[in-house]
There are 2 protein chains.
Amino acid sequence: MATKHQHDHAEDDLSANEVRVLEALRDSKEPMSAYAILDRVRPSGISHPPTVYRALAGLESLGMVHRLKSLSAFVACGHGRCGGRFAFAFCRQCQRVEEISLDDEHYDDLVKLVPKDIHLEQTTLEFAGLCSACQAAA
Amino acid sequence: MATKHQHDHAEDDLSANEVRVLEALRDSKEPMSAYAILDRVRPSGISHPPTVYRALAGLESLGMVHRLKSLSAFVACGHGRCGGRFAFAFCRQCQRVEEISLDDEHYDDLVKLVPKDIHLEQTTLEFAGLCSACQAAA
DNA sequence: CTCGATTTGATACATTATATCATTTCTCAG
DNA sequence: CTGAGAAATGATATAATGTATCAAATCGAG
């Protein structure tokens with residue numbers, strides 16, 4: 001993992017495993033479960049779930065990967081990297097995912113909802129629905 | 001389950017299992033995993049996971065139970081029952097949970113974020129953080 | 001170089017969730 | 001009332017997701 005924790009921000013500070021996992025996610029451009037990622041990176045030498053989960057945790061803390069809690073799945077950040085001001089919309093049928101950036105105004109409005117006695121650390125905002133294509137198909 | 005599906009809205013249309021599961025959740029007043037619920041209702045005769053998950057699905061569709069995706073856990077609705085306009089804030093340390101009602105203004109703002117080509121079915125909004133008590137303890 | 005710390009690898013297991021089929025219960029047409 | 005079909009529940013088995021723990025390798029400071 002080299003010197004990542006001295007200045008948590010340069011892509012080339014990613015560990016080899018993080019790079020492999022990130023590339024798998026970027027290739028897919030669809031959300032992948034940790035085990036789907038594992039299958040995908042197995043040829044490159046990663047062979048155990050904790051290795052994948054560790055890489056994902058690292059990438060998530062850098063904002064380069066986001067976890068979709070509604071799907072128990074992961075996606076590469078559409079912007080390369082971003083902080084906590086994002087949301088996701090996805091189609092429950094075809095699993096197409098759209099990353100949504102929250103502008104300051106929206107984000108600040110959200111934060112106002114949080115009770116005063118909780119120090120906010122992480123916001124999860126996910127919209128599930130059916131995309132036009134899947135509605136048409138139905 | 002009696003006549004529930006003819007007019008999805010009266011509490012006394014709940015199945016016996018739904019009543020048991022709902023009471024377990026209301027007793028706890030903290031989020032419970034499906035398996036914690038199972039342990040809790042086992043004395044009353046429920047003994048298999050699918051039974052609990054089925055009851056939870058029914059209760060959730062009635063808005064009487066909400067699933068916290070961030071915790072893979074369930075809570076009884078603080079209002080008895082409510083539609084999709086709610087959010088949760090919880091402390092990652094002590095797991096205390098607060099249900100937040102979204103007023104129309106907030107909700108409509110959120111909905112505007114959803115891409116036009118997705119027909120929204122479900123919104124997940126969850127805030128994770130540390131409550132004052134747990135911060136003090138740290 | 002070598003000690004200690006950090007990262008990675010590996011094993012094993014815990015937790016969460018669901019597919020499937022068998023059984024029971026309910027409904028209602030006759 | 002009754003029996004056939006539908007709906008709900010029970011039970012079994014297993015799939016999918018996630019983590020604790022320790023061992024081995026690697027790295028960096030002294």
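Note on naming: letters A, B, ... go to the chains in the order of the sequence lines (proteins, then strands), and numbering restarts at 1 for each one. These numbers come from the heavy atoms of this one structure, side chains and all, not from hydrogens, waters or symmetry mates.
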Got a donor-acceptor pair under 3.5 Å from the side chain of B/Tyr35 to the base of C/dA17?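 A donor-acceptor contact between them is present.
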Expressed in angstrom and rounded to an integer, what is the separation of [X] atom [atom1] from [N] atom [atom2]?
X	N	atom1	atom2	value
A/Phe74	D/dA16	CZ	P	16 Å
B/Leu56	D/dA8	CG	P	17 Å
B/Leu38	C/dT18	CG	P	15 Å
A/Ile37	D/dA16	CD1	P	16 Å
B/Ile46	D/dT12	CD1	C1'	17 Å
A/Asp13	D/dC27	CG	C1'	15 Å
B/Lys69	D/dT17	NZ	C1'	16 Å
B/Tyr53	D/dT9	OH	P	18 Å

Salt bridge [X]-[Y], side-chain N to carboxylate O under 4.0 Å:
X	Y	result
A/Asp104	A/Arg85	yes
B/Glu18	B/Arg20	no
B/Glu126	B/Lys69	no
B/Arg96	B/Glu30	no

Using OP1 and OP2 only, check whether a side-chain N or O of [X] sits under 4.0 Å from [N].
X	N	answer
A/Ser47	C/dG9	no
A/Ser33	D/dT17	yes
A/Asn17	C/dT7	no
A/Thr51	C/dA10	no

Where each residue is assigned the nucleotide of DNA chain C containing its nearest heavy atom, which of A/His48 and B/Leu71 is assigned the position nearer the 5′ end?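 The residue whose closest nucleotide sits nearer the 5' end is A/His48.
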I want to confirm an ordering. Mapping B/Arg67 and B/Arg54 to their closest nucleotides on DNA chain C, which one lands closer to the 5' end?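 It is B/Arg67, whose closest nucleotide lies nearer the 5' terminus.
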Could you go through B/Leu25 and B/Phe74, starting from their C-alpha distance and side-chain angles, then the distance that decides it, and tell me whether this counts as side-chain contact (heavy atoms from CB on, under 4.5 Å)? CA-CA 8 Å; B/Leu25 279 172; B/Phe74 302 84; 4.2 Å; yes
